[in-house]
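If you're wondering where the values come from, they're calculated on a predicted model, not measured in any experiment. In what follows, every chain begins at residue 1, and chains take the letters A, B, ... in the order their sequences are listed.
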Amino acid sequence: NAGVTQTPKFQVLKTGQSMTLQCAQDMNHNSMYWYRQDPGMGLRLIYYSASEGTTDKGEVPNGYNVSRLNKREFSLRLESAAPSQTSVYFCASSTHYSGSGGYEQYFGPGTRLTVT
Amino acid sequence: GQQLNQSPQSMFIQEGEDVSMNCTSSSIFNTWLWYKQDPGEGPVLLIALYKAGELTSNGRLTAQFGITRKDSFLNISASIPSDVGIYFCAGQRPGGQGNLIFGKGTKLSVKP
């Protein structure tokens, strides 16, 4: 059981380049999330997917797009990278989207992205 | 947007000391979670709390869901060097559709 995996672990982009961050979970979780973590800002939600086939914006969605490819995989795309998108990106998953309990989110190891 | 106030921002520990940190909010939460993050790693879930007043332990860690539902506390007893890291609280609001709000973290370091 690998839990939540993310690729790549590190990436350097030039301004204007595009890339896709990959995330997969093997816990049969319904919900998946993308966060960014910046110094002093904590974790901020970019996009989430409550269940396969649905995606919604979080707190900081501008400049990003997502795809819930299937129940296991949730990708984050930067269409035209900007220096302000330099950050550490974490993918997470959880069992339930609504109802009681099941809100525990499990995180991947992160992707460290630098945009020059 | 919704804010969680986590304190202290940082603290130094000496091996064997007890450590306390807390999170407060102006709004009520249905769920409180505590995570620990080591350098270069993702956050790891430590404790989950689902009921007001609930007190839950995980080894030397004890967390409580405040009775007002607006706060939560994490205590670490008899700290050891591997307790060093950043601790985050996270809360789930009523009607929050499962999304978590995170505090900005408490950084634990070893006293020089």
Here the gap from A/R44 atom CZ to B/I101 atom CD1, rounded to the nearest 0.5 Å, amounts to 12.5 Å
Only one of B/L100, B/I47, B/L33 passes side chain to side chain contact (heavy atoms under 4.5 Å, CB included) with A/E104, and that residue is B/L33
In terms of heavy-atom contacts, does NZ of B/K107 have more than 12 from other residues, nucleotides or ligands at under 6.0 Å?
-> no
With a 6.0 Å cut-off (strictly less than), is the heavy-atom count around NZ of B/K51, excluding the residue itself, greater than 12? no
### Query
How about A/Q37 and B/F88: do any of their side-chain heavy atoms sit closer than 4.5 Å?
yes
Honestly, the part of B/Q6 sitting under 4.5 Å from a heavy atom of chain A is neither
Review point. Is A/F74 reachable from A/F90 through a run of hydrophobic residues whose side-chain heavy atoms are each under 4.5 Å from the next?
Key: no
Would a hydrophobic clustering, with Ile, Leu, Val, Met, Phe, Trp and Tyr connected at side-chain separations under 4.5 Å, put A/V66 with A/I46?
yes
A/L45-A/Y89 co-clustered via ILVMFWY side chain contacts under 4.5 Å
no
Is any side-chain heavy atom of A/Y48 closer than 4.5 Å to a side-chain heavy atom of B/N99?
-> yes
When the 4.5 angstrom heavy-atom criterion is applied to A/Q6 and chain B, the contacting part is neither
same_hphob_cluster(B/V19, B/F73) at 4.5 Å side-chain heavy-atom cutoff: no
Turns out that what part of A/L43 lies under 4.5 Å from chain B's heavy atoms comes down to both
Item to check | Sidechain-backbone polar pair: B/Y35 side chain, A/Q105 backbone, donor-acceptor under 3.5 Å | outcome: yes
**Request:** Please check if atom NZ in B/K111 has more than 12 non-hydrogen atoms from other residues, nucleotides or ligands closer than 6.0 Å.
**Result:** yes
The interface call for A/R112 against chain B, heavy-atom contacts under 4.5 Å, is side chain
Query - Evaluation steps, side-chain contact (heavy atoms from CB on, under 4.5 Å), between A/Y106 and B/L45 - result: CA-CA 7 Å; A/Y106 296 87; B/L45 181 66; 3.9 Å; yes
Look at atom CD of B/Q9 and say whether more than 12 heavy atoms of other residues, nucleotides or ligands are closer to it than 6.0 Å. no
Interatomic distance, CD@B/E41 vs CZ@A/F107, rounded to 0.5 Å, equals 13.5 Å
